[in-house]
Amino acid sequence: MSKFLQALNPAQCQAVEAADGPVLVLAGPGSGKTRVLTHRVAYLIEQRGVDPFNILAVTFTNKAAREMKDRLEALVGAQAAYALSVGTFHSLCARFLRRDIVHLGRERNFVIYDGDDQQRLMRRVLREMNVDEKRNPPRSLLARISSAKNELVGPAEYARLNRSSPFDELVATCYQRYQVLLREANALDFDDLLVETVRLFDEHPDVLAHYHTRFTALLVDEYQDTNRAQYLLIRQLAAQQRNLFVVGDDDQSIYLFRGADVRNILQFEQDYPEAQVILLEQNYRSTQSILDIAQAIIQASQKPKHLKRLWTENGGGAHVTLHKAVDQDAEALFVADELVRLIASGDVAARDCAIMYRTNAQSRAVEEALIRRALPYQIVGGTRFYERKEVRDILAYLRVLYNPYDSVSLTRILNWPGRGIGQRTEQELISWAATLGVPLFQALRELEDATTATPFNARTTKALLEFLHLLDHLRSTSQTTPVASVIEQICECIAARATLEREYDLLEAEERWQNLVELRDVAESYKHLPTEAQLPTFLEEVALVAEVDKLDPNADKVTCITLHQAKGLEYAVVFLIGLEEGLLPHSRSAQDRDQLEEERRLLYVGMTRAQRKLYLCHASERMNYGRFNSSRPSRFLSDIPKALLKGVPQRSPKAPAPQTTMFSPRSALGDQKPATGSRTRRPSAAPPPEETRFSRGQQVRHAIFGSGTVIASRLVDGDEEVTVRFNDRERRLLASFANLEQVDA
DNA sequence: GGCTCGATCTTTTTT
DNA sequence: AGATCGAGCC
């Protein structure tokens with residue numbers, strides 16, 4: 001038995017040590033999935049001698065990617081970790097396309113359009129076609145287009161397949177035009193990043209061959225949430241070596257709405273008949289009480305799935321609490337009061353607690369309650385930093401400097417700050433450019449030639465030319481100036497602060513100005529890159545950051561987060577609020593059976609985030625659209641056996657809080673009652689080593705690196721990290737992996 | 001071309 | 001309840 005088995009349980013070991021070829025790891029919540037992934041990578045490097053440069057790992061968020069790199073840095077050293085390719089589907093595709101999109105006849109300096117940009121572009125399409133935006137909301141057109149793209153259905157095919165209704169036909173026409181405009185702007189939307197990469201690999205086998213050589217080992221996290229495009233992408237990349245290691249849990253599939261297809265994970269064994277399948281069923285995260293309730297919820301599901309049975313050796317723990325409040329404000333105050341009590345007891349810190357909800361709108365009541373109780377908090381999502389108008393406006397300048405054909409950004413700043421170019425002129429410019437058959441920026445350039453016939457009067461022409469020359473001026477410096485200084489220059493040239501003060505009252509202007517200062521500060525962190533790489537990198541990362549990516553794990557604050565974003569996270573104490581019909585399950589999902597099942601899984605995901613204490617809350621009345629509506633408890637709650645729940649007695653207004661013990665004295669995790677009955681059917685992992693096996697000065701031998709001298713050794717994460725000086729350089733190794741042999745000097 | 005006021009809509013979930 | 005958007009006025 002290899003030594004590193006110590007730190008892992010048998011199933012985890014089996015996964016980490018699996019031979020080459022396809023591997024499917026079905027990992028229940030809290031079963032050490034991340035640990036398996038990182039150890040697998042470390043194992044490939046240390047034991048199989050795989051060059052980290054040849055490893056590609058796909059994670060679900062940038063945050064997960066960063067954490068994986070950090071953990072691997074400790075396992076295999078900074079240099080090896082740096083050589084790894086780790087990222088989300090979208091960021092990896094962006095990287096591939098930056099390199100190779102020329103093969104598709106496009107330029108490398110494309111910009112990435114997010115939802116807001118997409119809507120602006122779609123509005124332009126609708127206006128061009130004289131279609132009523134009210135009756136045909138850009139969002140719903142885009143939603144259709146997005147699902148088409150996720151299925152890799154292009155405009156032509158879409159038109160062929162969908163001709164049963166006038167709306168279908170409208171979508172088809174808009175889709176076509178939308179793609180033309182995207183291309184003209186040299187822009188890709190989120191979905192295009194995937195679609196175009198698949199197309200690139202499909203149409204250019206030589207390019208794909210390059211990536212086959214480059215990436216000999218593939219790892220994919222959250223495989224149950226891949227959509228068709230992502231699935232095909234992985235299939236393309238894995239086609240040659242079939243060295244594909246995927247991890248996922250069909251019970252946690254919650255992204256149906258953005259095209260995720262659970263069949264991808266359910267059919268893995270058909271796709272790769274030689275696949276090894278490994279189940280991770282031991283849960284290390286939650287108490288038995290929490291797990292029992294989560295299981296009750298998921299087992300009531302009717303869907304076909306991979307069968308798993310979770311168990312834990314953690315003690316029974318505190319009962320799960322069910323709380324009914326009169327309305328959303330009372331619900332939020334209950335949560336806040338419980339938090340105050342728990343934190344005051346010293347058992348948990350604010351950073352260990354999270355409040356989770358179905359919709360972002362629910363965060364408002366929560367936020368108010370937390371403020372009233374003076375609790376520190378961070379909200380994930382809500383009004384996002386990069387969605388603030390002024391921030392986007394400055395970003396629009398940057399994007400135009402990077403890619404002047406970006407028409408959405410160009411029109412965004414055409415009249416910001418106000419320079420006498422109104423909607424009428426904008427419209428005129430757009431249609432004139434269309435007549436000339438050139439991008440907007442090109443049309444502006446045409447104005448410089450006074451002999452060209454234009455639809456503008458002298459005053460308007462002057463304003464447009466001044467704008468063009470402002471861009472020229474900024475552009476001439478943007479390539480040779482750090483991106484933070486470019487932002488400063490933009491702000492200076494447009495007198496951003498004064499502009500804001502003109503547009504808003506003093507307080508709000510200051511707040512918005514601070515946002516711009518913050519944007520500059522973010523840009524500052526790119527200064528270590530070569531100057532010419534700063535702007536592109538900055539723009540790309542800004543486009544692809546998710547809200548969870550910005551969660552600060554070090555801040556001692558309560559986290560408020562949607563159930564979707566909470567996937568993959570864990571907290572000692574979790575409050576699930578708004579467990580009501582219409583909210584969870586959401587009314588928009590109530591009609592469809594599959595969607596209803598997804599709502600159930602969403603609840604399951606939320607519950608299994610909790611380590612020690614879980615609260616389930618609902619209100620009998622809720623304010624919607626400024627109107628009170630009575631709410632019934634979620635149907636899912638009736639799937640929980642009553643005996644597993646503990647209600648909290650209503651407090652009389654002035655009475656002190658009852659001193660119920662939420663945690664056993666030394667905390668639920670500290671003193672573990674043995675788990676009951678048949679659940680202890682697996683051998684547990686061996687206890688971690690308690691003192692270091694290696695010490696400074698000792699001579700050791702490594703199978704690949706040869707002999708060396710131990711510089712230091714310390715216990716980390718249940719294992720021993722040994723720093724060894726080899727001939728060429730120092731390396732940090734994990735004792736359980738490195739198979740270091742002790743040599744007598 | 002820009003402002004003010006009232007009508008209208010909003011809430012799924014996200015890269 | 002709050003934001004956003006368009007019509008009508010300056």
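Chain identifiers are assigned alphabetically (A, B, ...) following the order of the sequence lines, protein sequences preceding nucleic acid strands; residue numbering begins at 1 within each chain.
A:Glu547 has its CD atom 9 Å from the P atom of B:dT14, to the nearest Å. A straight line from CD of A:Gln118 to C1' of B:dT14 spans 11 Å, rounded to a whole angstrom. Computed from coordinates, the A:Gln595 CD to B:dT12 P distance equals 11 Å when rounded to whole Å. One atom, CZ of A:Arg364, and another, P of B:dT12, lie 16 Å apart when rounded to the nearest Å. Between the CG atom of A:Leu414 and the P atom of B:dG1 there is a distance of 11 Å, rounded to whole Å. In this structure, the CD atom of A:Glu597 is 18 Å from the C1' atom of B:dT12, given to the nearest Å. Separating the CG atom of A:Leu596 from the C1' atom of B:dT13 is a distance of 15 Å, rounded to the nearest angstrom. Atom CD of A:Glu540 is separated from atom P of B:dT15 by 16 Å (rounded to the nearest Å).
A:Ser91 comes within 4.0 angstrom of no nucleic acid atom, judged by non-hydrogen atoms across all strands. A:Asn624 comes within 4.0 angstrom of nothing in the nucleic acid, heavy atoms only. Heavy atoms of A:Glu426 sit nowhere under 4.0 angstrom from any nucleic acid atom. Note on A:Ala361: a base of the nucleic acid sits closer than 4.0 angstrom, heavy atoms only. Note on A:Arg627: nothing from the nucleic acid sits closer than 4.0 angstrom, heavy atoms only.
For A:Ala187, the side-chain contact (heavy atoms from CB on, under 4.5 Å) partners are A:Val111, A:Tyr113, A:Leu182, A:Ala185, not counting sequence neighbours. In this structure, the side-chain hydrogen bond (donor to acceptor under 3.5 Å, both in side chains) partners of A:Arg99, at least two apart in sequence or on a different chain, are A:His210. Under the rule for a salt bridge (Lys or Arg N to Asp or Glu O under 4.0 Å), the partners of A:Asp639 that lie at least two apart in sequence or sit in another chain are A:Arg600. Under the salt bridge (Lys or Arg N to Asp or Glu O under 4.0 Å) criterion, A:Asp261 pairs with A:Arg263, sequence neighbours left out. Remark: A:Arg392 engages A:Asp114, A:Asp116, A:Asp117 in a salt bridge (Lys or Arg N to Asp or Glu O under 4.0 Å) (not counting sequence neighbours).
In terms of phosphate contacts, A:Asn360 brings a side-chain nitrogen or oxygen within less than 4.0 Å of OP1 or OP2 of B:dT13. Side-chain N/O atoms of A:Thr425 include one lying less than 4.0 angstrom from OP1 or OP2 on B:dG1. In this model, the phosphate group of B:dG2 is approached by a side-chain N or O of A:Asn415 to a distance below 4.0 Å at OP1 or OP2.
Here the two rings, on A:His564 and A:Tyr357, have centers that are 6.0 Å apart or farther.
Between A:Phe96 and A:Phe201, the two ring planes are tilted [angle within 30° to 60°].
When distances are taken from the side chain of A:Arg258 to each of B:dG1, B:dT15, B:dT13, the shortest belongs to B:dT15. The side chain of A:Gln565 sits closest to B:dT14 out of B:dT11, B:dT14, B:dT12. Counting only heavy atoms from C-beta on, A:Thr88 has its side chain closest to B:dT15 among B:dT14, B:dT15, B:dG1. The side chain of A:Thr562 approaches B:dT14 more closely than any other nucleotide in the set B:dT12, B:dT14, B:dT15. Comparing B:dT13, B:dT15, B:dG1 against the side chain of A:His564 picks out B:dT13 as the nearest. For A:Ala546, the listed nucleotide lying nearest its side chain is B:dT15; candidates were B:dT15, B:dG1, B:dT11. Residue A:Arg139 places its side chain closer to B:dT11 than to any other of B:dT14, B:dT11, B:dT12.
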Please list every donor-acceptor pair under 3.5 Å in which a side-chain atom of residues 457-465 of chain A meets a protein atom from a residue at least two apart or in another chain.
unit_1: A:Asn457; atom_1: OD1; unit_2: A:Arg459; atom_2: N; d: 3.2
unit_1: A:Asn457; atom_1: OD1; unit_2: A:Thr460; atom_2: N; d: 2.8
unit_1: A:Asn457; atom_1: OD1; unit_2: A:Thr460; atom_2: OG1; d: 2.7
unit_1: A:Thr461; atom_1: OG1; unit_2: A:Asn457; atom_2: O; d: 2.7
unit_1: A:Lys462; atom_1: NZ; unit_2: A:Glu466; atom_2: OE2; d: 3.2

> For nucleotides 4-10 of chain C, read 5' to 3', which letter fits each nucleotide if B means a protein heavy atom sits under 4.0 Å from the base, S means only the sugar-phosphate is that close, and - means neither?
Replying inline: -------

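Remark: ring of A:Phe257 overlaps the six-membered base ring of B:dT13 in a stacked fashion, centroids less than 5.5 Å apart, planes less than 30° apart.
Between the side chains of A:Tyr255 and A:Glu222, no donor N or O sits under 3.5 Å from an acceptor N or O.
Here salt bridge (Lys or Arg N to Asp or Glu O under 4.0 Å) pairs that include residues 56-66 of chain A, with residues two or more places apart or in two chains, are A:Lys63-A:Glu67.
If you check residues 580-591 of chain A against DNA chain B, the residues with a heavy atom closer than 4.0 Å are A:His586, A:Arg588, A:Ser589, listed by number.
The nearest heavy atom of DNA chain B to A:Gly420 and to A:Glu599 marks one nucleotide each, and the one closer to the 5' end goes with A:Gly420. Between A:Thr460 and A:Met623, the residue anchored nearer the 5' end of DNA chain B, judged by the nucleotide with its closest heavy atom, is A:Thr460.
Between A:Arg632 and A:Glu580 no salt bridge is recorded (no basic side-chain N to carboxylate O distance below 4.0 Å).
Between B:dT13 and C:dT4, the two P atoms lie 16 Å apart (nearest whole Å).
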